[in-house]
Every structure is written in C-alpha cells, then in structure tokens.
Amino acid sequence: MSFVSDLRGFALGTVHCRAGRCIALLGTSDGGSSWRQLTAPTRAAGGVYSTCPTGQPCVQQVRFATPLIGYAYDPSLLVTMDGGMHWRRLRGAYVSSLETAGGTVVRVASAGTGCSGMRYQVDTDPVGTTAWRALPAPPIEEICPPVLYRQGERLILAGYGNPAGGVRATAQIARSADGGQTWASGPDHCGGTDGYASGIALAPPDVLVLLCQHQMPGASGGFGPAWVRVSADGGASFGPDQTVPSRLAAPPGTITRYQLAAASAGRLLVVETGQQGSSVLLTGNGGQSWSTSLSPTAPAPVVLIGYQDPVTARIAQADTVWTTTDGGRTWIADRF
C-alpha cells in the first residue's frame, strides 16, 4: 500500500484468475472507505526472494510519490504518470527496494533477480524522470540485496542475516543523513550472544528503532520474547533493551513473526503473528510498557503496518485495512 495523503492511497494485491493469482491495483480517495479498480502494472505477481516465476515481468510492491506519479517494483520496475491508468516498464535493472520523498526516488537495483549474491547499487532520480544517478552506498555482504528504509533525506540500508543458518544472523546497517551522499556502517545493536535485528522503523526527527529477536532457543525450546531498542540520534547510540510482551502462545521451536512501526521515539506499534493469529501492541513510552491495541480475528497474516503521520497508522490483512487516527488506541476496519 502507498498513501500520498490521509485520503488518497493505492493498494497492490492479487485476485483469482486463470493463472491462479494475478496482480490487481486499487485506489481510494476517501481514506480507504471505498476503492476503485485501476490498471494492474503487470499480470504476474512476484515470487519469493524477488523472482518472477513465470519469466514474465512481475512486481510485488508499489510506491506513489504524488497522486499521479507512482512506481511498481520488485523485481521489475514500472512507472505511471496518470495515477495508475497506464504503466510503462523501465528496463536496465531489477529493483528490490524503492522509496520516494521530497521530490526524489531512491532504489536498490541489481543486474539479476532473487538472492543471487550479485552486486547491488543504490540510485536516485528526480520523481517522474529516468535519469538515475548512482549513490556512493557502502557494500553490505549478504546474499540478498539490502532493504531500503527512508524518512526525508535519511536513508537506511539493512542487510538481514539468515536466522536459520549456522552463523550469527546479525544485520548489517548503513545509515545516511544527507540523501545518500555520505554513510556510516556497522552491525545492528541488538547485542547478546544470539540477538539480531529482524525489523527496523524510522520516525522524525531522527528516530531509528530496532526490533530484536533471539536466534537460538532456550532450554525449554522457546525463543524468548522480542525486544526493541530506540535511538534518537539516527543510530549513533541506542537506549536500553525494552521487552515486547508476547500475547500469543508459541509451540517450542516456533519463531514468531514481528512487524514494527514508529511514529516517534515513544509511540511504537508491534504486530506479533503466530499460528493462531495476530496481536497488535502499542507503547507510548518507547517500550517501557505495552497495551494490546488490536486483536484481529481473521486467521490471515498481517502483511503491512505503518505510520502515515504521528497519529494515523494502517494495518493491512487479507481484504481488510485497519486505520487508526489516534496513534493506535482505536481502529476502524475497511474492506476491499
């Protein structure tokens, strides 16, 4: 999903078709209460690890910079100049991450699809043009391309390790405060003998939040609770570990999935997804205390969580979009 204002937004998903599942694009001009059909950027949906299983152009994500100019990507790249009515493919690179802000678009591109270990580069471009210019991003030694996060001129590249492997899953993080002209790099700050960052969120003015998990189970077979670490200076330093209480029972050996969103250094949302459903947790003090904000009853997993501004956030789950306008205390459900 991609919103350019509180009212105007776009959602990329799949529908049943003869091929099984095909891409569909919807738009809303009333904050999600109603949706209209737009032109799908491709027919095929992307597969695991940013691949196109059918060999035809495919995408999995969408970002709009304005109500008219938008990008569909992962791994193919297409652009629309008329609000999603027509799309044009941009050739020359495969794109795994892309973010827009302040009249520019930044992408992570490589010559191949999937987790092939190919060299990646970070490019920037004025919105609506195709004059891509390479940024001096540092190398991140992971098989999969790094994930790009953006808030204004702040850029974060996160290379996530594999928690199922036989080596530490510590993430590698590169930070830029000037639109990618200069960078600082290093490992994540989840600490401990088996801690690793599985999620990252940015918030103004200079907030960087890590969601940390255990890579190794304890004596009982459980992985223990997740925790968050909050930085108010862009990742130069972090506050103490703040435990995220688990609301869902997890069988021994099960790795719980978490998603993170941040409105500020204090206001955070965490979605915990287990075998029996999902639970949304809210904190207003940087993780010192938590409350259950929402307990979706649908068994489908949550696919998106994000703050749009300090009080507006959205959660997407199957055919439902949950919206809060009070920071996360109450939610309204709209269906496609």
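The structure displayed is predicted, hence computed values, not measured ones.
For Asp319 (side chain) and Phe336 (main-chain N/O), no donor-acceptor pair under 3.5 Å exists by modelled atom type. The main-chain N or O of Gly112 is found under 3.5 Å from a side-chain atom of Ser110 such that the two form a donor-acceptor pair. Not a single donor-acceptor pair under 3.5 Å links the side chain of Ser278 to the backbone N or O of Thr273. A distance-only check finds a donor-acceptor pair linking the side chain of Gln317 to the backbone of Ala300 [under 3.5 Å]. Side chain of Thr323 to main chain of Ile332: no donor-acceptor pair is present (N/O by atom type, distance under 3.5 Å, no hydrogens or angles). A donor-acceptor pair under 3.5 Å links the side-chain atoms of Asp194 to the main chain of Met216, judged by distance alone. Looking at Ser76, its side chain does come within 3.5 Å of a backbone N or O of Cys58 through a donor-acceptor pair. The main-chain N or O of His86 is found under 3.5 Å from a side-chain atom of Thr80 such that the two form a donor-acceptor pair.
Residue Tyr94 places its OH atom among 12 or fewer non-hydrogen atoms of other residues, nucleotides or ligands, all under 6.0 Å distant. Within 6.0 Å of atom CG in Leu68, more than 12 heavy atoms from other residues, nucleotides or ligands are found, so the atom counts as buried in its surroundings. By the neighbour-count criterion of 12 heavy atoms within 6.0 Å, atom CZ of Arg36 is densely surrounded, having more than that number from other residues, nucleotides or ligands.
Taken from CD1 in Ile200 to CG in Leu210, the straight-line distance is 6.0 Å, to the nearest 0.5 Å. Atom CH2 of Trp183 is separated from atom OG of Ser176 by 5.0 Å, given to the nearest 0.5 angstrom. A distance of 10.5 Å separates CG in Asp82 from CD1 in Ile69, rounded to the nearest 0.5 Å. The OG atom of Ser198 sits 11.0 Å away from atom NE2 of His214, with the distance rounded to the nearest 0.5 Å. Remark: Ser2 OG to Gln308 CD distance equals 9.5 Å, nearest 0.5 Å. Atom OH of Tyr258 is separated from atom SG of Cys212 by 11.5 Å, given to the nearest 0.5 angstrom.
The shortest side-chain heavy-atom distance between Thr325 and Val311 does not fall under the 4.5 Å cut-off. Between Thr312 and Thr324 the shortest side-chain heavy-atom distance does not fall below 4.5 Å. Within the 4.5 Å cutoff, the side chain of Ser246 has no heavy atoms near those of the Pro225 side chain.
Screening residues 273-283 for salt bridge (Lys or Arg N to Asp or Glu O under 4.0 Å) gives no qualifying pairs among residues at least two apart or on separate chains. Residue pairs meeting the side chain to side chain donor-acceptor pair (under 3.5 Å) criterion with at least one member in residues 222-238, sequence neighbours excluded, are Arg229-Asp241, Ser231-Asp233, Asp233-Ser237. Pairs of residues two or more places apart, or lying in two chains, that qualify as side chain to side chain donor-acceptor pair (under 3.5 Å) and include a residue from residues 42-53 are Ser50-Asp74. Within the structure, side chain to side chain donor-acceptor pair (under 3.5 Å) pairs that include any residue of residues 130-147 comprise Glu142-Gln172 (at least two apart or interchain).
Legend: residues meeting ring-ring contact (aromatic ring centres under 6.0 Å, His included) with Tyr71, ordered by chain and number and at least two apart, are absent. Residues satisfying the side chain to side chain contact (heavy atoms under 4.5 Å, CB included) criterion with Thr283, sequence neighbours excluded, are Leu268, Asn285, Trp290. For Trp35, the side chain to side chain donor-acceptor pair (under 3.5 Å) test picks out no residue, with sequence neighbours left out. Ala184 is linked by a side chain to side chain contact (heavy atoms under 4.5 Å, CB included) to Arg175, counting only residues two or more places apart in sequence or in another chain.
Summarising the geometry of Asp334 relative to Ser33, their closest heavy-atom pair is OD1-CA, 3.7 Å, with the distance given to 0.1 Å. Residues Val108 and Pro145 come closest through the heavy atom pair CG1-CB, 4.2 Å. Pairing each heavy atom of Gly286 with each of Val228, the nearest pair is O-CG2, 4.2 Å. Minimum heavy-atom separation, Ala44 to Thr54: CB-OG1, 3.8 Å. The heavy-atom pair separating Cys115 from Ile143 by the smallest distance is O-CG2, 3.0 Å.
No side-chain N or O of Glu272 forms a donor-acceptor pair with one of Ser279 less than 3.5 Å apart. For the 3.5 Å distance criterion, the side chains of Tyr196 and Gln215 fail to qualify, holding no donor opposite an acceptor.
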Exercise. Carefully, step by step, assess Phe10 and Met1 under the rule side chain to side chain contact (heavy atoms under 4.5 Å, CB included).
Key: CA-CA 6 Å; Phe10 303 85; Met1 296 180 65; over 6 Å; no

Self-check item: Intermediate values then yes/no, ring pair (Phe, Tyr, Trp, His ring centres under 6.0 Å), Phe238 and His189
Solution: CA-CA 8 Å; Phe238 286 83; His189 291 264; 4.9 Å; yes

Self-check item: Audit row: Gln242, Val244, side chain to side chain contact (heavy atoms under 4.5 Å, CB included) steps and yes/no
Solution: CA-CA 7 Å; Gln242 301 290 358; Val244 178; over 6 Å; no

Exercise. List the steps, then state whether side chain to side chain contact (heavy atoms under 4.5 Å, CB included) holds for Tyr73 with Arg107.
Key: CA-CA 10 Å; Tyr73 65 99; Arg107 69 180 188 179; over 6 Å; no

Exercise. Begin with the C-alpha distance, continue with both residues' side-chain angles, and end with the deciding distance and a verdict on side chain to side chain contact (heavy atoms under 4.5 Å, CB included) for Thr292 and Arg247.
Key: CA-CA 8 Å; Thr292 301; Arg247 297 289 193 262; 2.9 Å; yes

Would you tabulate the side-chain donor-acceptor contacts of residues 11-28 under 3.5 Å, counting partners in other chains and residues two or more places apart, or write 'none'?
| residue | atom | partner | partner atom | Å |
| --- | --- | --- | --- | --- |
| Thr14 | OG1 | Arg21 | NE | 3.2 |
| Thr14 | OG1 | Arg21 | NH2 | 3.0 |
| His16 | ND1 | Arg21 | NH1 | 3.2 |
| His16 | NE2 | Arg21 | NH1 | 3.1 |
| Arg21 | NH2 | Thr14 | O | 3.0 |
| Thr28 | OG1 | Asp30 | N | 3.3 |
| Thr28 | OG1 | Asp30 | OD1 | 2.8 |
| Thr28 | OG1 | Gly32 | N | 2.9 |
| Thr28 | OG1 | Ser34 | O | 2.9 |

Donor-acceptor contacts, no H, no angles, side chain residues 146-154, under 3.5 Å, sequence neighbours left out:
| residue | atom | partner | partner atom | Å |
| --- | --- | --- | --- | --- |
| Tyr149 | OH | Tyr160 | OH | 2.6 |
| Arg150 | NE | Gly152 | O | 2.9 |
| Arg150 | NH1 | Glu99 | O | 3.4 |
| Arg150 | NH1 | Thr104 | O | 3.1 |
| Arg150 | NH1 | Thr104 | OG1 | 3.4 |
| Arg150 | NH2 | Ala101 | O | 3.1 |
| Arg150 | NH2 | Thr104 | OG1 | 2.7 |
| Gln151 | OE1 | Arg154 | NH1 | 3.2 |
| Arg154 | NE | Asp206 | OD1 | 3.1 |
| Arg154 | NH1 | Ala203 | O | 3.2 |
| Arg154 | NH1 | Val207 | O | 3.2 |
| Arg154 | NH2 | Val207 | O | 3.0 |

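Taking Ile, Leu, Val, Met, Phe, Trp and Tyr as members and joining any whose side-chain heavy atoms lie under 4.5 Å apart, directly or through other members, the hydrophobic cluster of Leu282 also contains Leu269, Val271, Val280, Leu294, Val302, Ile305, Tyr307, Ile315, Trp322, Trp331. Side-chain heavy-atom separations under 4.5 angstrom define the hydrophobic clusters, and Leu7 shares its cluster with no other residue.
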